[in-house]
Amino acid sequence: MNKPQPNCAACAIDINERFCMRAKGRAPEDCPSLHSRELAEAVFCDTPPDEMEFMRTAAIQEKEGYASREPYNDIIPSKPRIVEIVEFARRMAYKKLGLIFCGGLRAEADIAKQILETNGFNVVSAMCKAGKQPKSSFGLSQSQHVDVTAARESICNPAFQAALANQAGVDFNILLGLCVGHDTLAIKHLKAPITVLAVKDRLLGHSPLNALYMYHSYCSYLKKPLP
């Protein structure tokens with residue numbers, strides 16, 4: 001019999017009572033922690049030592065991202081993501097970092113680079129338009145340019161960004177604000193491990209979850225199929 005398709009996003013059980021979270025937790029009928037135990041064990045057994053260390057270090061970093069508020073024993077967040085990236089890279093003994101960023105976030109990239117260098121890292125940075133490849137070479141017409149009045153426009157080139165980072169021999173890559181699809185290609189071509197500092201959302205100030213937060217108000221149009 002086919003196993004039910006995982007549907008964790010629709011699980012109605014309180015997060016603190018879920019089977020995947022607690023030894024005696026509850027689970028819906030389609031819970032993958034129940035129905036795919038053999039797969040979970042196989043994945044664990046097949047995890048190579050370097051990934052085991054990566055996961056262990058990431059779990060330690062997760063713990064270090066919270067603080068206890070005495071005497072209430074509350075667990076509260078304590079660090080922004082850029083700090084966690086610095087700490088994680090230190091824990092993994094990384095020395096050279098790749099900063100793969102969008103030109104629309106060039107000011108943020110400069111600040112991120114300063115923070116990383118202040119903490120002792122060698123930073124290799126590559127902007128999306130590096131390579132200066134014209135969009136026309138990919139079969140795009142002038143009407144498909146962002147600036148339709150420009151006779152020539154450079155295409156975002158994540159494969160070249162990745163090649164630059166790979167050539168420099170970076171230990172760890174940080175993605176900052178790449179477009180949808182361009183981030184996919186960067187992830188595909190980068191050889192060293194990758195994390196994301198921020199993703200692009202032109203409308204919402206690069207905070208894409210705001211559309212979900214406003215699902216029942218200003219973004220309620222998302223309840224219907226997009227045209």
Side-chain angles (χ1 to χ4, degrees), residues 6 8-9 11 13-25 31-33 40-41 43-102 105 107-126 162 165 168-178 183 186-187 190-201 204-210 212-213:
C8 296
C11 182
I13 299 172
D14 183 273
I15 185 68
N16 294 313
E17 297 178 6
R18 294 186 183 187
F19 179 74
C20 60
M21 298 286 291
R22 297 289 179 262
K24 296 183 179 180
C31 178
S33 296
E41 288 301 320
V43 169
F44 175 76
C45 292
D46 290 342
T47 303
D50 61 328
E51 289 188 18
M52 290 288 286
E53 178 60 19
F54 199 92
M55 290 178 67
R56 189 188 74 83
T57 304
I60 292 172
Q61 188 61 55
E62 176 191 13
K63 162 65 177 177
E64 292 298 317
Y66 295 91
S68 296
R69 187 172 63 128
E70 303 296 344
Y72 308 103
N73 199 33
D74 291 339
I75 299 176
I76 57 175
S78 61
K79 299 170 184 177
R81 189 173 180 91
I82 187 65
V83 171
E84 293 209 56
I85 289 174
V86 167
E87 292 180 348
F88 180 79
R90 283 176 175 171
R91 286 190 165 96
M92 293 298 294
Y94 295 143
K95 302 299 182 183
K96 185 180 287 189
L97 307 181
L99 182 60
I100 311 302
F101 70 97
C102 167
L105 285 87
E108 293 86 346
D110 182 40
I111 294 171
K113 180 177 183 290
Q114 292 180 51
I115 293 171
L116 296 170
E117 290 181 337
T118 295
N119 285 279
F121 296 104
N122 180 355
V123 180
V124 176
S125 57
V170 304
D171 303 312
F172 192 52
N173 288 291
I174 302 165
L175 299 191
L176 175 57
L178 298 191
D183 53 3
I187 291 167
L190 286 166
K191 293 181 179 179
I194 304 158
T195 193
V196 178
L197 175 55
V199 299
K200 173 172 287 180
D201 192 313
L204 300 177
H206 311 303
S207 300
L209 286 178
N210 283 341
L212 279 60
Y213 298 145

Participant: Is there a side-chain contact between Asn210 and Tyr213 in this structure, where contact means two heavy atoms from C-beta onward sitting under 4.5 Å apart?
Facilitator: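 A side-chain contact exists here, since the closest heavy-atom pair is under 4.5 Å.
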Participant: Tell me which one of Arg56, Lys79, Glu87 satisfies side chain to side chain donor-acceptor pair (under 3.5 Å) with Gln61.
Facilitator: Glu87
Participant: Has Lys96 got a side-chain atom pairing as donor or acceptor with Ala168's backbone, closer than 3.5 angstrom?
Facilitator: yes
Participant: Which pair of heavy atoms, one from Pro193 and one from Tyr94, lies closest together, and at what distance?
Facilitator: CG-OH, 4.0 Å
Participant: Given side chains that start at C-beta, do those of Leu97 and Val170 come closer than 4.5 Å, heavy atoms only?
Facilitator: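 Sidechains of Val170 and Leu97: no contact.
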Participant: Check for a donor-acceptor pair, side chain of Asn122 on one end and backbone N or O of Lys95 on the other, with a separation under 3.5 Å.
Facilitator: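 Not confirmed, Asn122 side chain does not pair with Lys95 backbone.
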Participant: Taking atom CD1 of Ile15 and atom CZ of Arg22, what is their separation to the nearest 0.5 Å?
Facilitator: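 The distance works out to 8.5 Å.
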Participant: OG1/Thr118 to NZ/Lys113 distance, rounded to the nearest 0.5 angstrom?
Facilitator: 9.5 Å
Participant: If you define the side chain from C-beta out and look only at heavy atoms, does anything of Ile194 sit under 4.5 Å from Ile100?
Facilitator: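 They are not in side-chain contact.
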Participant: Working to the nearest 0.5 angstrom, can you tell me the gap between Thr57 OG1 and Glu64 CD?
Facilitator: 12.0 Å
Participant: Can you tell me if Arg18 uses its side chain to pair, donor with acceptor, with the backbone of Ile13 under 3.5 Å?
Facilitator: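 Flag set: sc Arg18 to bb Ile13 pair under 3.5 Å.
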Participant: Is a side-chain N or O of His206 found less than 3.5 angstrom from the main chain of Asp201, in a donor-acceptor match?
Facilitator: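 Pair found, side chain donor or acceptor close to backbone of Asp201.
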Participant: Given the rule in the side-chain contact (heavy atoms from CB on, under 4.5 Å) test, do Leu175 and Ile187 qualify, once you have shown the distances and angles that lead to the verdict?
Facilitator: CA-CA 9 Å; Leu175 299 191; Ile187 291 167; 3.7 Å; yes
Participant: Taking the side chain as every heavy atom from C-beta outward, state whether Arg81 and Thr195 have any atom pair closer than 4.5 Å.
Facilitator: yes
Participant: Nearest heavy-atom pair of Leu178 and Ala186: which atoms, and what distance?
Facilitator: CD1-CB, 3.7 Å
Participant: So, do Phe172 and Phe121 have ring centers that fall under 6.0 Å from each other?
Facilitator: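 Ring centroids of Phe172 and Phe121 are no less than 6.0 Å from each other.
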Participant: Can you find a heavy atom in the side chain of Val196 that is under 4.5 Å from one in the side chain of Asp183?
Facilitator: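 Of all side-chain heavy-atom pairs linking Asp183 with Val196, none is under 4.5 Å.
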Participant: Tell me, do Asn119 and Arg90 make a side-chain contact under 4.5 Å, heavy atoms counted?
Facilitator: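 A side-chain contact exists here, since the closest heavy-atom pair is under 4.5 Å.
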Participant: Using 0.5 Å steps for rounding, measure from the CG atom of Leu99 to the CG atom of Asn173.
Facilitator: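 Between Leu99 CG and Asn173 CG, I get 9.5 Å after rounding to 0.5 Å.
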Participant: Tell me, yes or no, whether the heavy-atom count around Gln114 atom CD, taken from other residues, nucleotides or ligands under 6.0 Å, exceeds 12.
Facilitator: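 Yes, CD of Gln114 has more than 12 neighbouring heavy atoms, counting only those of other groups under 6.0 Å.
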Participant: Any non-hydrogen side-chain atom of Met52 less than 4.5 Å from a side-chain atom of Phe44?
Facilitator: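 Sidechains of Phe44 and Met52: in contact.
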Participant: When rounded to the nearest 0.5 angstrom, what is the spacing between CD1 in Ile82 and CD1 in Ile111?
Facilitator: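 Between atom CD1 of Ile82 and atom CD1 of Ile111 there are 10.5 Å.
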Participant: Can you check whether Pro32 reaches Cys8 side chain to side chain, under 4.5 Å on heavy atoms?
Facilitator: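 With C-beta onward as the side chain, the pair touches.
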